[in-house]
Enquirer: 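The structure follows.
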Amino acid sequence: MPELPEVETTCRGIAPYTESQTLSEFIVRQPQLRWPIPEILCDQLPGQKVHRVRRRAKYILLEMDHGELLIHLGMSGSLRVVTVDEPVGKHDHVDLVMSNGSVIRFCDPRRFGTVLWQASQSIHPLLQTLGPEPLSDAFNTDYLYGCCLGRKQSIKQRIMDNHVVVGVGNIYASEALFAAGIDPRRAAGRISKKRLDRLVQEVKRILDYAITRGGTTLRDFVGGDGKPGYFQQELYVYGRKDELCKVCNSQLKEVRLGQRSSVYCPSCQR
DNA sequence: AAAGACACCTGGGAGC
DNA sequence: TGCTCCCAGGTGTCTT
């Protein structure tokens, strides 16, 4: 569920319920996530106001009086806006109870997510080595070309590396490479600048479009559904192994790159 | 230095 | 029905 568009949608979804509100209670039912939730937060957070919600890579950042709460949804996490009387589910690990009565509930069955704290005037180590945002001007052709120069690593693994560019997960990496006509296995250093330019444009176009569509599920999200879909019918290759290419009708193939499944069209992608 | 392997964890689906 | 095995949207860290 949580690729960058879903994280962005989540940020927009919780902002109206948290910004300018004071956090009245921080409830932790299961502190063992990817890293333990700092115990001190239960004492430290209540009373602090949430000034703004923003996103960096796939981290959701709540700017508060004395620092920022970092939330990462991992592979299976979600945040929902609920009311205090909503029954607590098996994997509902954390509640942010706001003074206006709404509750931001963190659910994460696989517990690969994170809830950490970044004090004012400091940058958490997890955020220090991140590459540029894919939708920013810093992610451009010259930049990506420089990141690929001399690299034997596959282009798919290259664009999924957070140090190169953030927020490009398995779904959108697969889709962008299809749209750009590039074989996901191709060595990053053996792709022309012109083709990398196409890839940069497609990454931006697809993420931007997905965010737009993610926005359409905002109402459901806020209503407590909490499961914005990723529009399966619009995917060209991801999850379509052995099916036919929507463009040329060839049978799609699957390979594994960096332990991740990668579906591609052997005819459209070179 | 770069690239690959492995780790964390639960649930769902396929196959027997 | 039920068991076992494999796979899944992420990403930091350890090993070659």
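So you know, we letter chains A, B, ... as the sequences are listed, proteins then strands, and number each from 1.
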Enquirer: Among the nucleotides dG10(C), dG11(B), dA3(B), which one has an atom lying closest to any side-chain atom of Gln153(A)?
Expert: dA3(B)
Enquirer: Would you mind reading off the distance between Lys58(A) atom NZ and dG12(C) atom P, rounded to a whole angstrom?
Expert: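 Atom-to-atom, Lys58(A) to dG12(C), this comes out as 11 Å.
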Enquirer: For the residue pair Leu252(A) and Tyr236(A), what are the closest heavy atoms and their distance?
Expert: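 The pair with the smallest heavy-atom distance is CD1-O, 3.5 Å.
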Enquirer: With the stacking rule set at 5.5 Å and 30°, tell me whether Phe112(A) counts as stacking on dC9(B).
Expert: no
Enquirer: So, the side chain of Arg195(A) versus the backbone of Gly181(A): is there a donor-acceptor pair under 3.5 Å, distance only?
Expert: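 Yes, because the side chain of Arg195(A) sits within donor-acceptor range (under 3.5 Å) of the backbone of Gly181(A).
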Enquirer: Where each residue is assigned the nucleotide of DNA chain B containing its nearest heavy atom, which of Pro109(A) and Arg34(A) is assigned the position nearer the 5′ end?
Expert: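 The 5'-side residue here is Arg34(A).
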Enquirer: Does Gln30(A) use its side chain to pair, donor to acceptor, with the backbone of Gln32(A) at less than 3.5 Å?
Expert: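 Looks like yes, one N/O pair under 3.5 Å.
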Enquirer: Can you measure Leu257(A) atom CG to dA3(B) atom P for me and round it to whole angstrom units?
Expert: 13 Å
Enquirer: Taking atom P in both dC3(C) and dC9(B), what distance in whole Å separates the two?
Expert: 23 Å
Enquirer: Heavy atoms only, 4.0 Å cut-off, all strands: where does Arg158(A) land among base, sugar-phosphate and nothing?
Expert: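 Nothing: the residue Arg158(A), judged by heavy atoms under 4.0 Å, touches no strand.
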Enquirer: Do the side chain of Arg260(A) and the base of dA8(C) come within less than 3.5 angstrom through a donor-acceptor pair of N or O atoms?
Expert: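 Side chain to base: no pair present.
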Enquirer: Near DNA chain C, under 4.0 Å by heavy atom, which residues of residues 182-192 of chain A?
Expert: none
Enquirer: Using a 3.5 Å distance criterion without hydrogens, assess whether the side chain of His163(A) forms a donor-acceptor pair with backbone atoms of Thr129(A).
Expert: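 Here the side-chain-to-backbone pair exists.
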Enquirer: Does Gln269(A) use its side chain to pair, donor to acceptor, with the backbone of Ile182(A) at less than 3.5 Å?
Expert: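 Checked: pair present.
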Enquirer: Would you please test Asp208(A) and Arg205(A) for salt bridge (Lys or Arg N to Asp or Glu O under 4.0 Å) and show each step?
Expert: CA-CA 5 Å; Asp208(A) 191 62; Arg205(A) 181 184 65 79; over 6 Å; no
Enquirer: Does a side-chain N or O of His91(A) approach OP1 or OP2 of dG11(B) to a distance below 4.0 Å, or not?
Expert: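 Affirmative; the distance criterion is met.
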Enquirer: Are the side chain of Lys156(A) and the backbone N or O of Asp183(A) linked by a donor-acceptor pair below 3.5 Å?
Expert: no
Enquirer: Going from NE2 on His93(A) to CD1 on Ile27(A), what distance comes out if it is rounded to the nearest 0.5 angstrom?
Expert: 14.5 Å
Enquirer: Let me know, please, whether Arg110(A) or Asn162(A) comes out on the 5' side of the other along DNA chain C by nearest nucleotide.
Expert: Arg110(A)
Enquirer: Do the ring planes of Tyr59(A) and His72(A) sit parallel (below 30°), tilted (30 to 60°) or perpendicular (above 60°)?
Expert: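 Geometry flag for His72(A) against Tyr59(A): perpendicular rings.
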Enquirer: Students often get this wrong, so: under 4.0 angstrom with heavy atoms, is Leu126(A) touching a base, only sugar-phosphate, or nothing?
Expert: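 Leu126(A): backbone/sugar contact only, no base atoms under 4.0 Å.
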Enquirer: Once rounded to the nearest 0.5 Å, what's the spacing between atom CD1 of Ile159(A) and atom CD of Gln153(A)?
Expert: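 Answer rounded to 0.5 Å: 10.5 Å.
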Enquirer: Mind calculating the distance between CG (Leu33(A)) and P (dC9(B)) to the nearest angstrom?
Expert: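 Taking atom P of dC9(B) as the reference, CG of Leu33(A) is at 11 Å.
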Enquirer: For dG11(B), does either OP1 or OP2 sit under 4.0 Å from a side-chain N or O belonging to Lys90(A)?
Expert: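 Checking Lys90(A) against dG11(B): at least one side-chain N or O falls below 4.0 Å of OP1 or OP2.
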Enquirer: Counting only non-hydrogen atoms, which of residues 140-152 of chain A are less than 4.0 Å from DNA chain B?
Expert: Arg151(A), Lys152(A)
Enquirer: Give Gln32(A) one of three labels, base, sugar-phosphate or nothing, depending on what nucleic acid heavy atoms sit under 4.0 Å from its own.
Expert: nothing
Enquirer: Can a donor-acceptor pair be found, under 3.5 Å and without considering hydrogens, that links the side chain of Gln48(A) to the backbone of Gln44(A)?
Expert: yes
Enquirer: For His124(A), does its backbone N or O pair with a side-chain atom of Gln118(A) as donor and acceptor, under 3.5 Å?
Expert: yes
Enquirer: For DNA chain C, what string of dots and brackets results from 5' to 3' when Watson-Crick and G-U pairs need both distances under 3.5 Å, crossing pairs get [ ], and pairs with another strand get |?
Expert: .|||||||.|||||||
Enquirer: Hey, does the side chain of His72(A) come within less than 4.0 Å of dG10(C)'s phosphate (OP1/OP2), counting only N and O?
Expert: no
Enquirer: Between Ser76(A) and Arg110(A), is there a donor-acceptor pair closer than 3.5 Å when you use the side chain of the first and the backbone of the second?
Expert: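 A pair under 3.5 Å: yes.
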Enquirer: Does OP1 or OP2 of dC9(B) have a side-chain N or O of Ser76(A) closer than 4.0 Å?
Expert: no
Enquirer: I'd like to know if Arg111(A) reaches the base of dC9(B) with its side chain such that a donor and an acceptor end up less than 3.5 angstrom apart.
Expert: no
Enquirer: Closest to the Tyr59(A) side chain: dT11(C), dG12(C), dA8(C)?
Expert: dG12(C)
